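Accompanying notes for the structure given below.
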Amino acid sequence: MSDRIYIFDTTLRDGEQSPGCSMNIDEKIRVAHALAALGVDIIEAGFPIASPGDFEAVHRIASEVHGPCIAGLARAAEGDIRRAAEAIKPAGDHGRIHTFIATSPIHMEAKLRMTPDQVLERAVSSVKLARSLVPEVEFSAEDAGRTDMDFLCRVVEATIAAGARVINIPDTVGYMTPAEFGGRIRELIERVPNSDQAIISVHCHNDLGLAVANSLAAVENGARQVECTINGLGERAGNAALEEIVMILRTRADRYALHTDIDTTKIVPTSKLVSQITGMPIQANKAIVGANAFAHESGIHQDGVLKHQKTYEIMTPESVGLNTNRMVLGKHSGRAALKSRYGQLGVELDGERLIEVFNRFKLLADKKKDIFDEDLMALLSGDGGVESERVKLVSLHTASGTSDAPVAAVVLDIEGVEHKATAEGDGPVDAAFKAIQSLVEPNGKLLLYAVNAITAGTDAQGEVTVRLQNGDRIVNGQGSDTDIIVASARALIAALNKLPDMHARSVHAQYSGV
């Protein structure tokens, strides 16, 4: 059996299904390039039949992102499969159709209203169709954790015979325990006579907090592909976290004797990029990538680490790409140096986007003495390309105090025309938001307002995430600045720019020159 574990990243498909985590196409492309640089083996780029936008995103990723295999998800239905094949076609031999059908009694009876024999027939015919269209097919038995074992063995044997070369066993609802799930994988491999003709994969959800543990139990029992997401994003409680799976295998090589092809030094930058784009903050005590993952406050711990790092650190911050190295760039640095540094951080900048970010960098360098890699990543907040910025912040002035009502005066460029407004609020941020929202419609309901300091110090950039809901559409916006009120305004504007029908109000508040 191979000692290599294939990493199947589904951040762009299952991760994006997290409430509020929807990404636009340009954002998906950025994440896909970062995943390729990270070294994942397979990128599940989306669900092509779901919408024209999903199809376009998968098609563009298949065209523009090189290295990993590009997979498109498809139900066990002819329309889904053909649409997925069309979407991943530019990837050529690096394309994969991932087709699935539910196999548990509750899913077959309550959702599909199909008999086991009908499900088996559909699974086989779907794999055969997919195999006729692309060189590589993966089949998933949805809710395999609650599927009758005899029936699961029948389905796996039949779909391998039909041409599937990867068989995924999902714990779709995060129900199983490690001993149960590991035993199920072992029994499946032992009982299915042609199991050696396919890679056994697992996709574990985290409803009971066991996604990583179940994935590792499966690996111990013969699974050789793990489906996971950056930061554990995913529906409900999320999925197995890629960074945890990879670093466990690396740190405990003495136990597993298995390896991945992940460049672990890119884990933290990729984690921060996904957090920034999706607007999902990383909890401070999150393993591997949390702000406290390598922090030591206890005197005993500090003393031990000072004497020998390994007393309380089982891996180094540098091994996952976490460092506090001050970049040597400053306000006199040129675009070429900035582009080079971003390239080292896994971000490719060219053309108008490079000019835009460079201009932000120059402004930051005038405000902030010490610039860190984290500051550079924060400069990308809300950056979806110059052409997408229908609304731009021209100026913002706020005033507040202990005895005066906070007031904000704002000037916005809305599709080339300047608009002005003032508003009072409960605080300067509230006033700024009300002034901005008086100029555009629709505004959307504010679901989330979160502030994060990028680095230490009173001159640190603040990064703000804003989440808006307009009808059934949820969008995120990010903004950063050393002035937290300006960062907040930029975050709101970035979110408003993602509303497709956003436009200037025909009647708006008048600027009073506050």
Side-chain angles (χ1 to χ4, degrees), residues 6 8 10 13-14 41-50 55 58 62 69-89 91-104 107-108 111-145 147-172 184-185 188-189 191-203 218 222-227:
Y6 293 90
F8 179 113
T10 185
R13 199 276 301 171
D14 198 326
D41 298 291
I42 305 97
I43 296 174
E44 188 166 50
F47 198 170
I49 197 72
F55 175 88
V58 176
C69 173
I70 307 300
L73 187 68
R75 291 166 298 189
E78 181 177 352
D80 281 43
I81 291 169
R82 292 192 182 279
R83 188 68 167 160
E86 186 180 354
I88 64 171
K89 187 176 181 180
D93 291 343
H94 281 73
R96 176 188 295 186
I97 290 178
H98 180 194
T99 186
F100 71 96
I101 192 169
T103 55
S104 66
H107 276 248
M108 290 190 292
K111 184 179 77 172
L112 299 178
R113 303 189 188 281
M114 295 170 66
T115 67
D117 285 343
Q118 288 173 323
V119 167
L120 178 60
E121 181 181 357
R122 178 73 66 82
V124 169
S125 63
S126 297
V127 169
K128 286 181 177 178
L129 173 61
R131 188 66 183 81
S132 72
L133 299 172
V134 297
E136 191 167 292
V137 176
E138 175 174 341
F139 172 77
S140 280
E142 186 184 5
D143 203 19
T147 296
D148 174 77
M149 194 63 193
D150 290 340
F151 182 59
L152 184 60
C153 288
R154 286 178 61 201
V155 171
V156 169
E157 181 179 358
T159 50
I160 292 175
R165 289 297 169 261
V166 181
I167 298 294
N168 185 42
I169 308 300
D171 184 20
T172 304
R184 176 155 289 223
I185 298 301
L188 193 68
I189 291 173
R191 287 183 55 182
V192 174
N194 58 356
S195 63
D196 61 334
Q197 297 176 26
I199 294 171
I200 302 300
S201 174
V202 290
H203 180 127
R224 287 297 177 265
Q225 176 177 288
V226 176
E227 306 196 359

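Heads up: numbering here begins at 1 and tracks the sequence. Predicted model, so just to flag it, every value in this text is computed and none were measured.
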side-chain hydrogen bond (donor to acceptor under 3.5 Å, both in side chains) partner of H203, chosen from D14, T172, D171 =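 Among the candidates, only D14 passes.
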Kindly write out the residues that satisfy side-chain hydrogen bond (donor to acceptor under 3.5 Å, both in side chains) with [X], not counting sequence neighbours, or none if the list is empty.
{"X": "E44", "result": "T10, R13, H98"}
{"X": "T147", "result": "T103"}
{"X": "R83", "result": "none"}
{"X": "R184", "result": "none"}

Locate the shortest heavy-atom distance separating [X] from [Y]; write the atom from each residue and the value.
{"X": "L112", "Y": "V119", "answer": "CD1-CG2, 4.1 Å"}
{"X": "P48", "Y": "A84", "answer": "CG-CA, 3.8 Å"}
{"X": "I70", "Y": "A45", "answer": "CG2-CB, 4.0 Å"}
{"X": "F139", "Y": "A164", "answer": "CB-CB, 4.1 Å"}
{"X": "L73", "Y": "F47", "answer": "O-CD2, 3.2 Å"}

How far does [atom1] of [X] sit from [atom2] of [Y], to the nearest 0.5 angstrom?
{"X": "H94", "Y": "C69", "atom1": "NE2", "atom2": "SG", "result": "7.5 Å"}
{"X": "I199", "Y": "Y6", "atom1": "CD1", "atom2": "OH", "result": "5.0 Å"}
{"X": "E138", "Y": "T159", "atom1": "CD", "atom2": "OG1", "result": "11.0 Å"}
{"X": "I88", "Y": "I43", "atom1": "CD1", "atom2": "CD1", "result": "13.0 Å"}
{"X": "S140", "Y": "I169", "atom1": "OG", "atom2": "CD1", "result": "7.5 Å"}

Checking D80 side chain against A74 main chain: does a donor-acceptor pair fall under 3.5 Å?
->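 Absent.
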Given the rule in the side-chain contact (heavy atoms from CB on, under 4.5 Å) test, do V156 and C153 qualify, once you have shown the distances and angles that lead to the verdict?
-> CA-CA 5 Å; V156 169; C153 288; 5.9 Å; no
Determine, stepwise, if the pair R75 / I49 fulfils side-chain contact (heavy atoms from CB on, under 4.5 Å).
-> CA-CA 9 Å; R75 291 166 298 189; I49 197 72; 4.0 Å; yes
Kindly indicate, with the supporting measurements, whether the criterion side-chain contact (heavy atoms from CB on, under 4.5 Å) is fulfilled by D148 and R154.
-> CA-CA 10 Å; D148 174 77; R154 286 178 61 201; over 6 Å; no
Output all residues satisfying side chain to side chain contact (heavy atoms under 4.5 Å, CB included) with [X], sequence neighbours left out; order by chain, then residue number.
{"X": "A130", "value": "I81, I97, V137"}
{"X": "A218", "value": "F181, I185, V202, A223"}
{"X": "K89", "value": "none"}

Under 3.5 Å, is there a donor-acceptor pair between the S201 and E227 side chains?
->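 A donor-acceptor contact under 3.5 Å links the two side chains.
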Candidate pair R82 and E78, rule salt bridge (Lys or Arg N to Asp or Glu O under 4.0 Å), full reasoning | CA-CA 6 Å; R82 292 192 182 279; E78 181 177 352; 2.9 Å; yes
Option passing side chain to side chain contact (heavy atoms under 4.5 Å, CB included) with Q225 (candidates I167, I42, I200) |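 Exactly one option meets the side chain to side chain contact (heavy atoms under 4.5 Å, CB included) with Q225, and it is I42.
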Is K111 paired with D143 through a side-chain N to carboxylate O contact shorter than 4.0 Å?
->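 Not counted as a salt bridge, because no side-chain N and carboxylate O are separated by less than 4.0 Å.
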Ignoring hydrogens and angles, write down the donor-acceptor pairs under 3.5 Å from the side chains of residues 191-198, residues two or more places apart or on other chains.
unit_1	atom_1	unit_2	atom_2	d
R191	NH1	D150	OD1	3.2
R191	NH1	E187	OE2	3.0
R191	NH2	D150	OD1	2.6
N194	ND2	E157	O	3.1
S195	OG	I189	O	2.9
S195	OG	V192	O	3.1

Please identify each residue that fulfils ring-ring contact (aromatic ring centres under 6.0 Å, His included) with F55, with sequence neighbours left out.
->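 Here the qualifying residues are H59.
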Can you pull the side chain to side chain donor-acceptor pair (under 3.5 Å) pairs that have at least one residue in residues 118-131, sequence neighbours excluded?
->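 Checked against side chain to side chain donor-acceptor pair (under 3.5 Å) - neighbours excluded - the pairs reaching residues 118-131 are T115-Q118.
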